[in-house]
Amino acid sequence: GTWAITLTYIKALYSDRTVPYFRLLCDEKDIQAILFAALVHVIGHGAFTHYLEEMKGLFSGCDHEDYLIAVLKGDEEFTGDTESIKKDHQALFDCTKVWLGGKANYVKRKEFLRQVAEIFEKNREKMVLDANLTQKESTKEIRTFLLNSIISGPIDSDKTDYVRRDSHHCGVSYGYG
């Protein structure tokens with residue numbers, strides 16, 4: 001699904017010798033974060049969530065990515081089921097021990113979950129337009145925007161996955177080009 005498509009994106013971007021931006025901007029930690037993001041992006045999803053969220057009035061100012069960000073950050077101020085957020089956050093935190101090879105301490109694991117949450121945060125376009133490549137913080141914004149576009153952009157791995165899957169299950173060939 002989304003993880004496999006994300007991996008394909010990363011391989012293509014990393015191996016592109018004519019445009020080396022991805023290799024210059026992203027390191028091993030960034031690749032670990034985007035692959036983890038691809039695995040956990042479904043937290044908060046319901047059936048046909050993407051389509052339903054586009055229907056105005058069904059969800060008031062909150063979508064499945066908002067819930068996922070709250071889970072990744074352990075945000076208890078989220079206006080939803082805080083008990084579920086706590087349990088889901090703890091489950092993801094426990095997963096990071098294995099994902100990061102068992103070497104990461106508490107702080108590193110918390111930082112990793114925050115990095116993954118940043119990938120899903122919205123309104124990155126404005127940040128990138130205002131970015132100055134000579135400043136380290138701007139480079140971080142561009143890197144995070146790039147990672148976000150892989151998992152949550154106009155033609156991202158999540159959409160590629162659900163369009164192919166949904167068209168298959170609906171009996172139409174749309175998702176296969």
Side-chain angles (χ1 to χ4, degrees), residues 1-11 13-14 21-46 49-50 53 59 61-128 130-153 156-158 161-162:
T2 301
W3 187 85
I5 294 167
T6 301
L7 187 58
T8 302
Y9 270 100
I10 291 168
K11 285 180 182 177
L13 290 168
Y14 196 82
Y21 299 129
F22 186 81
R23 258 180 299 134
L24 294 172
L25 285 171
C26 300
D27 60 18
E28 182 182 350
K29 290 192 311 189
D30 299 315
I31 293 170
Q32 282 182 321
I34 189 65
L35 288 174
F36 192 81
L39 285 176
V40 302
H41 83 282
V42 296
I43 293 175
H45 259 285
T49 301
H50 291 280
E53 286 174 351
F59 297 90
C62 175
D63 61 25
H64 70 280
E65 287 182 351
D66 294 326
Y67 180 81
L68 173 58
I69 291 166
V71 168
L72 288 164
K73 291 181 172 181
D75 188 357
E76 295 180 20
E77 295 179 18
F78 182 76
T79 55
D81 183 356
T82 56
E83 202 54 43
S84 290
I85 288 174
K86 286 179 190 176
K87 287 185 345 191
D88 289 345
H89 176 76
Q90 186 59 50
L92 287 183
F93 183 75
D94 293 344
C95 288
T96 61
K97 186 171 188 172
V98 174
W99 187 261
L100 298 173
K103 299 173 276 192
N105 63 25
Y106 178 89
V107 173
K108 293 230 183 272
R109 291 164 62 196
K110 285 287 189 184
E111 286 173 1
F112 178 75
L113 288 179
R114 274 194 295 278
Q115 180 185 7
V116 174
E118 285 178 5
I119 292 170
F120 289 101
E121 289 177 347
K122 296 168 180 60
N123 302 319
R124 293 235 164 258
E125 295 87 357
K126 170 114 176 64
M127 293 178 206
V128 170
D130 295 339
N132 178 347
L133 284 175
T134 61
Q135 297 176 353
K136 187 175 183 175
E137 191 59 34
S138 291
T139 304
K140 179 184 178 220
E141 290 299 332
I142 292 169
R143 178 177 53 247
T144 306
F145 176 76
L146 173 62
L147 295 174
N148 173 274
S149 70
I150 292 170
I151 197 101
S152 184
D156 62 48
S157 55
D158 186 25
D161 176 50
Y162 79 74

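For the side chain to side chain donor-acceptor pair (under 3.5 Å) test, residues two or more places apart in sequence or in another chain that qualify with Q115 are D30. Not counting sequence neighbours, the partners of F36 by the ring pair (Phe, Tyr, Trp, His ring centres under 6.0 Å) test are W99, F112. Residues satisfying the side chain to side chain donor-acceptor pair (under 3.5 Å) criterion with K110, sequence neighbours excluded, are H89.
At a threshold of 4.5 Å between non-hydrogen side-chain atoms, the residues R109 and N105 do not count as touching. The side-chain heavy atoms of I151 and T6, taken from C-beta on, include a pair separated by under 4.5 Å. By the 4.5 Å heavy-atom criterion applied to side chains, F22 and I10 are counted as neighbours.
The pair E121-K73 meets the salt-bridge criterion, with a side-chain N (NZ, NE, NH1 or NH2) lying under 4.0 Å from an Asp/Glu carboxylate O.
Between the side chain of D158 and the backbone N or O of S152 there is no donor-acceptor pair closer than 3.5 Å. Side-chain atoms of T96 come within 3.5 Å of backbone atoms of F93 as a donor-acceptor pair (strictly under, hydrogens ignored). Looking only at distances, no side-chain donor or acceptor of R143 sits under 3.5 Å from a matching main-chain atom of C26.
In this structure, I142 CD1 and L146 CG are separated by 9.5 Å, a value rounded to the nearest 0.5 Å. In this structure, I119 CD1 and L147 CG are separated by 5.0 Å, a value rounded to the nearest 0.5 Å. Within the model, atoms CD of Q32 and CD of E28 stand 5.0 Å from one another, a figure rounded to the nearest 0.5 Å. Atoms NZ and NZ, on K108 and K97 in that order, are 15.5 Å from each other to the nearest 0.5 Å. Distance CG/L13 to OH/Y9: 9.0 Å, rounded to 0.5 Å.
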Task: From CA spacing to verdict: side chain to side chain contact (heavy atoms under 4.5 Å, CB included), D156, N148 - done: CA-CA 9 Å; D156 62 48; N148 173 274; over 6 Å; no
Task: From CA spacing to verdict: side chain to side chain contact (heavy atoms under 4.5 Å, CB included), H41, T2 - done: CA-CA 9 Å; H41 83 282; T2 301; 3.2 Å; yes
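Closest heavy-atom contact between A104 and L100: CB-CD1, 3.7 Å.
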